[in-house]
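All heavy atoms count here, side chains included; hydrogens, waters and symmetry mates do not. The model shown is predicted, which means the values in this text are computed figures rather than measured ones.
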Amino acid sequence: MPSLRGGPEVRQCLLLLLPFLAAWEAGSGQLHYSVPEEAKHGTFVGRIAQDLGLELTELVPRLFRVASKDRGDLLEVNLQNGILFVNSRIDREELCGRSAECSIHLEVIVDRPLQVFHVEVEVRDINDNPPRFPMTEKTIQFHESRLLDSRFPLEGASDADIGVNALLSYKLSPSEFFFLDVQTSDELSQSLFLVLGKSLDREEDAEVKLLLVATDGGKPELTGTVQILIKVLDVNDNEPTFPQSVYKVQLLENTANGTLVMKLNASDADEGSNSEIVYSLGSDVSSTTRTKFQIDPNSGEVRTKGELDYEERTSYEIQVIASDKGTPAMSGHCKISVKLVDINDNTPEVSITSLSLPVQENAPLGAVIALISVSDRDSGVNGQVTCSLSPHIPFKLVSTFKNYYSLVLDSALDREATADYKVMVTARDGGSPSLRATASVSVEMADVNDNAPVFAQPEYTVFVKENNPPGAHIFTVSAMDADAQENALVSYSLVERRVGERLLSSYVSVHAESGKVFALQPLDHEELELLQFQVSARDAGVPALGSNVTLQVFVLDENDNAPLLLPHGAVGVGGSVSELVPRSVGSGHVVTKVRAVDADSGYNAWLSYELQSTVGTRSLFRVGLYTGEVSTTRALDEVDAPRQRLLVLVKDHGEPSLTATATVLVSLVENSQAPKTSSRALIDAAGQEASLVTVNVYLIIAICAVSSLLVLTLLLYTALRCSAMPTDGACAPGKPMLVCSSAVGSWSYSQQRRQRVCSGEGPPKTDLMAFSPSLSQGPESAEERQPPLEAECLGKPRQPNPDWRYSASLRAGMHSSVHLEEAGILRAGPGGPDQQWPTVSSATPEPEAGEVSPPVGAGVNSNSWTFKYGPGNPKQSGPEPKKQTQVSFLPRRKGEASQPRQ
């Protein structure tokens, strides 16, 4: 900083004003410092961090840095104390030439948030350059005939410094013949003349040596010298003269090559060859000037020689010598001052720096994206530049300082809509015609995790056959994420829960990258009919976003369970059944009943019974195809063997079918022996029957209590749901069931094929189905042409169409009228209640009436009842006007065989 001069009171006032001046500079957006040139490395310039209002601790985290369009290594900032210091040698003359003002413009940039400050450091001139003459020795020829006060122009010295340091004073060594005349022009330029003060006499002094000393005004003073050798000549004593000593000319910088600048016309008072003048450029004219101008030696015309550029140099000074042809020759001098006029021949320059790319798509409005600086080498209006942006982009320009702009965010960004923007910056100057320049920058958007993965469907239904191999691929889930890079990397996982007593992860797994769902173990339809779970998809963003999808995996049944024979009556060695039959029984007498169950469902659980008889002989017994009742085919004779061994083959309807074989040993006895022989067996059967009835009573009470509580809860929950969501048809009560009775039993019929069930977990489902028979309209009578429902309810039995169906899976082998007789038992999934399914038997006119049909609703996820009826064969002896019907509930535990009660 420049030193303060004055008394103590002046210095005290200035010290008091310094804080206010610093605050004014910080508020104006630009700091001013000064430093002398040639300062040593580390010289203190200013406390820049303090003056900018920045804390020292935030310089490094905010990436404090200094940039300069000129030489960026001259000044540096110590990030530890925030001091701006000299980093390398500063030569004012090299940096600014002879410009009166010399400053280094710095841009101080800090991030988080991005800010820019402009600092101007003035480089003060010091007296480090001595005056220099164009040459160290100069020879001048003087004729002895020169008149007193004759003047000879001398080229002055030049000083690279400015101001006081460049103010030169001249002093000539003492001489009796010459003295120095210094003239100052209106442009502060000095003209030196060597003036003859005493006539010369060549015979006395042929040479005169002088020393010209130039001293500048700096402290300390520096000097430069030139040796002047004056040779005294004889004869030609008149020199050429110009009308003016200085000529001023203005030229446009785009002046064409060869343009006439001016024509000089010097005169010589001599005659003959002594008056013939030859023009030339002075020896002190620089090589740069010689490349731009030339002079015709005969005519004195000065013309342009090369291209002129105002931005390269604004003015030229041309020294012209007019010499005559006398012997010795005499010369006259003049100076031509050429000033160039600027034209708009330079386009603006645009520089984009400090890009903060990519830009977060959630960046706040007003965030600085880039710093833009513009410049124009022209001057005046031609150098005034304005900037604009391409339209329809979410950015704008904010002027921060002269020719400096900030590119800031003007509206919200969305990377999923536009991933990047092509920003075009146009700079126009104020010239006529106006010139412009453009610069483009691609602003890329950085993704922010603002989109969760999305599945194509909220729920998927998958069908898998049971007994699948472990690790089988059963389904693939896929979710899409609109984000990019790691925010779009989706990983999949199970939403863990318990399925019964086991964790869901013990059944299935999901590949984290591909979304493939694998069954970890073979699935068993008899244990698990429906596996419902959720798969979660989460991206890799921070914070991670996710969504879930529901998978309903239905386990399809396969015929993997053979029929299982149930113990009945007196069981002998090897599981055979022994029965005593009196010889007096007639045809159709039921000897025993083979009972079997199949853990499968549907056709795979539909059992049929066959009697394996010897080829070629007519068997005394037969077995009901679907009931398993072993009965006589005729009356017994005395010739019949007393012991009959029957093999009953039980097989299901699966593909391939599985079988089981029951052995029945029948002993034919006389009527008197039958009670004695079988009395013990009857007592044992009666005891078992009593114990089973006792157990059933307790089970019925428990099931009724739990069912009542469950039904009450469901009714209350359904009422609340339906009152909250009054959607038509979603939770509408189903039509009442109409229960009809006939001579062959009771059956229920519903005109509503599918009843919708409301649950709190999602939309209404149609898992529960009620099947109704399709009774054909026969032409027999008007009474039979009544609707089947009405006819049944009126208690008028009739023969139904033998082609009616309960379900699509039970289309084969279903005959005759509907008649519930036996109970088929199926198990529920793990942890669920035991489910009992009613079966349908057909009352055919054949002796096998009452045979058991396959389970109704097998495979349907619903609770059912078990109904037991008395025999319904109308061909057996003895009319039965009313059939006593008994309803029993036969629950069983997992792994136990059912014990149907007769």
Side-chain angles (χ1 to χ4, degrees), residues 452-479 490-512 514-538 546-558 599-602 710 713-714 717-718 721 725 730-731 754-769 807 809 826-835 837 857-864 894:
V454 178
F455 290 94
Q457 298 177 211
E459 183 177 297
Y460 293 93
T461 301
V462 183
F463 296 93
V464 180
K465 290 185 178 181
E466 65 173 334
N467 301 322
N468 57 281
H473 173 226
I474 60 175
F475 194 69
T476 299
V477 294
S478 179
V490 180
S491 60
Y492 305 91
S493 62
L494 286 176
V495 179
E496 187 63 271
R497 69 178 184 90
R498 302 192 68 85
V499 180
E501 299 178 355
R502 300 170 57 182
L503 293 177
L504 173 64
S505 56
S506 64
Y507 287 97
V508 292
S509 68
V510 178
H511 193 274
S514 63
K516 292 183 177 181
V517 182
F518 299 94
L520 298 181
Q521 63 181 14
L523 300 177
D524 190 355
H525 172 79
E526 289 71 39
E527 293 184 0
L528 187 65
E529 296 181 5
L530 172 63
L531 179 61
Q532 182 170 333
F533 58 93
Q534 288 187 329
V535 176
S536 174
R538 299 182 69 82
S547 61
N548 296 341
V549 66
T550 301
L551 266 69
Q552 290 187 345
V553 179
F554 287 92
V555 182
L556 303 181
D557 183 53
E558 286 189 343
D600 295 322
S601 61
L710 177 62
T713 304
L714 289 176
Y717 180 73
T718 304
R721 292 285 294 178
M725 296 185 299
C731 298
R754 290 175 178 261
Q755 298 192 10
R756 309 183 73 182
V757 180
C758 282
S759 67
E761 298 180 358
K765 302 180 179 179
T766 57
D767 290 339
L768 299 184
M769 299 182 183
S807 68
S809 64
L826 296 178
R827 292 176 297 174
D834 291 335
Q835 297 178 354
W837 305 85
V860 181
N861 188 14
S862 61
N863 291 325
S864 304
K894 182 177 180 182

**Q** Taking only residues two or more places apart in sequence or in another chain, which ones pass ring-ring contact (aromatic ring centres under 6.0 Å, His included) with F533?
**A** none
**Q** Checking E459 against Q552 for the side-chain contact (heavy atoms from CB on, under 4.5 Å) test, could you report, in this order, the C-alpha distance in whole Å, the side-chain angles of both residues, the deciding distance, and whether it holds?
**A** CA-CA 8 Å; E459 183 177 297; Q552 290 187 345; 3.6 Å; yes
**Q** Show your working on side-chain contact (heavy atoms from CB on, under 4.5 Å) between V549 and Q457 and close with a plain yes or no.
**A** CA-CA 7 Å; V549 66; Q457 298 177 211; 5.7 Å; no
**Q** Decide yes or no for F554 and V464: does some side-chain heavy atom of the first lie under 4.5 Å from some side-chain heavy atom of the second?
**A** no
**Q** Go through the structure and list residues passing side-chain contact (heavy atoms from CB on, under 4.5 Å) with S478, not counting sequence neighbours.
**A** Y492
**Q** For residues V508 and L494, report the shortest heavy-atom separation together with the two atoms involved.
**A** O-CD1, 3.2 Å
**Q** On a heavy-atom basis, which atom in A479 and which in A537 lie closest, and how many Å separate them?
**A** CB-CB, 3.9 Å
**Q** Tell me every residue that passes side chain to side chain donor-acceptor pair (under 3.5 Å) with S536, counting only those two or more places apart in sequence or in another chain.
**A** N548
**Q** With a 4.5 Å limit on heavy-atom distance, are the side chains of L528 and D524 in contact?
**A** no
**Q** Evaluate the side-chain proximity of D600 to E526: yes if any heavy-atom separation is below 4.5 Å, no if none is.
**A** yes
**Q** Can you sort out the partners of E496 under side chain to side chain donor-acceptor pair (under 3.5 Å), two or more places apart, ordered by chain and number?
**A** S505
**Q** Taking side chain to side chain donor-acceptor pair (under 3.5 Å) as the test, write out the residues that go with R497, two or more places apart.
**A** none
**Q** State, yes or no, whether a side-chain contact exists between L531 and V555 at a heavy-atom distance under 4.5 Å.
**A** no
**Q** Distance-only, no hydrogens or angles: does the S506 side chain make a donor-acceptor pair with backbone N or O of R502 under 3.5 Å?
**A** no
**Q** If I compare all heavy atoms of E529 with all of H525, which pair ends up nearest, and what's the gap?
**A** CG-O, 3.4 Å
**Q** Closest heavy-atom contact between T476 and S514?
**A** CG2-O, 3.7 Å
**Q** If only atom types and distance count, is the side chain of S491 paired as donor or acceptor with the main-chain N or O of R538 below 3.5 Å?
**A** yes
**Q** If you look only at pairs with a residue in residues 460-471, which of them pass as a side-chain hydrogen bond (donor to acceptor under 3.5 Å, both in side chains), with sequence neighbours excluded?
**A** N467-D560
**Q** Report the residues that fulfil ring-ring contact (aromatic ring centres under 6.0 Å, His included) with F455, sequence neighbours left out, ordered by chain and then residue number.
**A** none
**Q** Determine whether V477 and L551 make a side-chain contact, defined as any pair of heavy atoms from C-beta on separated by less than 4.5 Å.
**A** yes
**Q** Which residues pass the ring-ring contact (aromatic ring centres under 6.0 Å, His included) test with H473, sequence neighbours left out?
**A** F518
**Q** Donor-acceptor pair, D557 side chain versus S601 backbone, under 3.5 Å?
**A** yes
